[in-house]
Every structure is written in C-alpha cells, then in structure tokens.
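Remarks on the structure that follows.
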Amino acid sequence: MSKIDKVRVLIAEDQALIREGIATLLAQQNDDFEMLPGAADGEQAIEFARRYRPDVILMDLQMPRVDGIAATQRILRELPHTHIVVLTTFETNDLIFEAVSAGAKAYLLKDARIDEIATTIRAVMNGQSGLSPSVAARILDEFKRLRGPRVSAKLPVRDGLTARENEILTLIVEGKSNTEIGERLHLAEGTVKNYVSTILEKCQVKNRTELAIKAITY
C-alpha cells in the first residue's frame, strides 16, 4: 500500500505510555497506518484534528480539559468524515450510549489486542460498525429505556421494505446475529446476509447499529 493510501490515525490519550505504545504497535501492522502526533487531552485532540485531518481518531473518554465525548462532538461537527473509535477502560451503559450518540463508530476497551484495534480501524474505514453484538444491544436497550412506552415490541411496517425485510429488521433491533436470525426464520445465514445488505441500502445506513437506532428513533 502506498503512503497516500495509508489510514491516517490520531490517538487521543492522556497517558503517554499507553498513547505511544499503541502508536508504535499500530505502525507495525502491515504498513497501512500513518501515525499522526498524539493528543494528550481532549482540547489537543480537537486542535490536532483540525491541523492534521485524520481518517480515524482513537479517543479516550476520561481526559483533562475536554473529555472524549465532548471532543468527539466538536470534531465531528467540523470534520464529519473523520471516524471516531473509542478506546477506554470504561464500559458502562451510559458512557457507551453517550459515545455512540456523539458519533463514535466503534467502542473498544484498552485491554483489546492490537490486532483487534487494527481490524476495527479498517472496519470503520469501510463503513462498518466496530461494536460487538452485546455492546450494540446495550445501546439499543438504552434507547428503548429513554423512549419508554413509545417503543413497541413490534415495529410498524417500513415504507419500501417487504414483510420479510421488516421481520428481519425487528430481529436486528433485538440484537440478534445473522446466525440467530437464520435459525429463527429458518433461513440460510447467507440469505440473511443478503437481506441485511438490501435493508441497509434501502434505509440508507452504513451498518447494523445505525440501522437499529434509526428504526427505533423513526
């Protein structure tokens, strides 16, 4: 991969040892990452994002001056094509919900392997979510809790979706994997994948998490 094709990565992390260690390890991953100067707090992350225009920012949540949630919001207002990947030690429902609501495309814990971090960066660059099914389910549960009785167990039929597609959409909102959907509806997993791709295209979203959130907030 030529230098121009490299993914430009900025790490926002207040602990220098962690920041520099991740940067060193990512730089060794198949030579497809270009590591930008790291930011020591949220305010510096905003400043460096403006200056260097990264493709992906690995964002800690608890940082001095400006926290990761506020930094994510401010960066994405100015640079909507930047992808934010949260990398933190915290996994409470509130923080996960706030990070994704702010626009983060993935949520990883700091004990993640370096190859998992690299894979997640590549995934979000390809328009995919870096959320595990369990994390996505927790986000959707939080949406349902906030909206209360307005969210029903069965979603109304969406304009432009077939009855089968709506059935699959309902199961996606419940956090079901393709395998689980296939077992429930007696469909091959490949068939489910094709349905999901069609639904994503019709609903004009990039991934399952965006689709489920859009369905609930529709």
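Quantities reported herein were computed from a predicted structural model and do not represent experimental measurements.
- Looking at Val56 and Met125, their side chains come closer than 4.5 Å, going by heavy atoms from C-beta outward.
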Q.
Evaluate Val9 against Asp55 for side chain to side chain contact (heavy atoms under 4.5 Å, CB included), listing each step before the verdict.
A. CA-CA 6 Å; Val9 180; Asp55 298 306; over 6 Å; no

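- Each of Ile75, Leu76, Val85 was scored for a side chain to side chain contact (heavy atoms under 4.5 Å, CB included) with Ile57, with one residue passing: Ile75.
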Q: Check the pair Met59, Glu13 against side chain to side chain contact (heavy atoms under 4.5 Å, CB included), reporting the backbone distance first and the verdict last.
A: CA-CA 7 Å; Met59 183 75 75; Glu13 161 63 57; over 6 Å; no

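- Leu171 places a side-chain heavy atom less than 4.5 Å from the side chain of Leu185.
- Under the 4.5 Å side-chain heavy-atom criterion for ILVMFWY residues, no single connected hydrophobic cluster contains both Ile121 and Leu36.
- Classification of Arg51 and Glu47 as a salt-bridged pair holds, one side-chain N sitting under 4.0 Å from a carboxylate O.
- Hydrophobic clustering places Phe33 together with Ile22 (ILVMFWY residues linked when any side-chain heavy atoms are closer than 4.5 Å, directly or through intermediates).
- Transitive grouping of hydrophobic side chains (ILVMFWY, heavy atoms separated by less than 4.5 Å) keeps Val66 and Ile69 in distinct clusters.
- Here the side chains of Leu169 and Glu165 are not in contact, with every heavy-atom distance at 4.5 Å or above.
- Between Met35 and Ala27, the shortest heavy-atom distance links the atoms CG-CB, 4.0 Å.
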Q: Apply side chain to side chain contact (heavy atoms under 4.5 Å, CB included) to Leu61 and Tyr107, showing your working.
A: CA-CA 10 Å; Leu61 294 184; Tyr107 196 106; 3.7 Å; yes

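- Ion pairing between a basic and an acidic side chain is recognised when a charged N comes within 4.0 Å of a carboxylate O; Arg184 and Glu167 show no such pairing.
- With values rounded to the nearest 0.5 angstrom, Ile199 atom CD1 is found 5.0 Å from Ile168 atom CD1.
- In this structure, Arg19 does not pair ionically with Asp60, as no charged nitrogen and carboxylate oxygen lie closer than 4.0 Å.
- A salt bridge between Lys6 and Asp32 is absent, with no side-chain N of the basic residue lying under 4.0 Å from a carboxylate O of the acidic one.
- Note on Tyr52 and Ile11: separate hydrophobic clusters, where clusters join Ile, Leu, Val, Met, Phe, Trp and Tyr whose side-chain heavy atoms are under 4.5 Å apart, directly or indirectly.
- In this structure, Glu189 CD and Glu180 CD are separated by 10.5 Å, a value rounded to the nearest 0.5 Å.
- Side-chain contact between Ile172 and Val196 is present, with heavy atoms from C-beta onward closer than 4.5 Å.
- In this structure, Arg74 pairs ionically with Glu43, as a charged nitrogen and a carboxylate oxygen lie closer than 4.0 Å.
- Considering only heavy atoms from C-beta on, Thr198 comes within 4.5 Å of Lys202 through its side chain.
- The side-chain heavy atoms of Leu79 and Arg53, taken from C-beta on, include a pair separated by under 4.5 Å.
- No side-chain heavy atom of Met63 sits under 4.5 Å from any side-chain heavy atom of Gln44.
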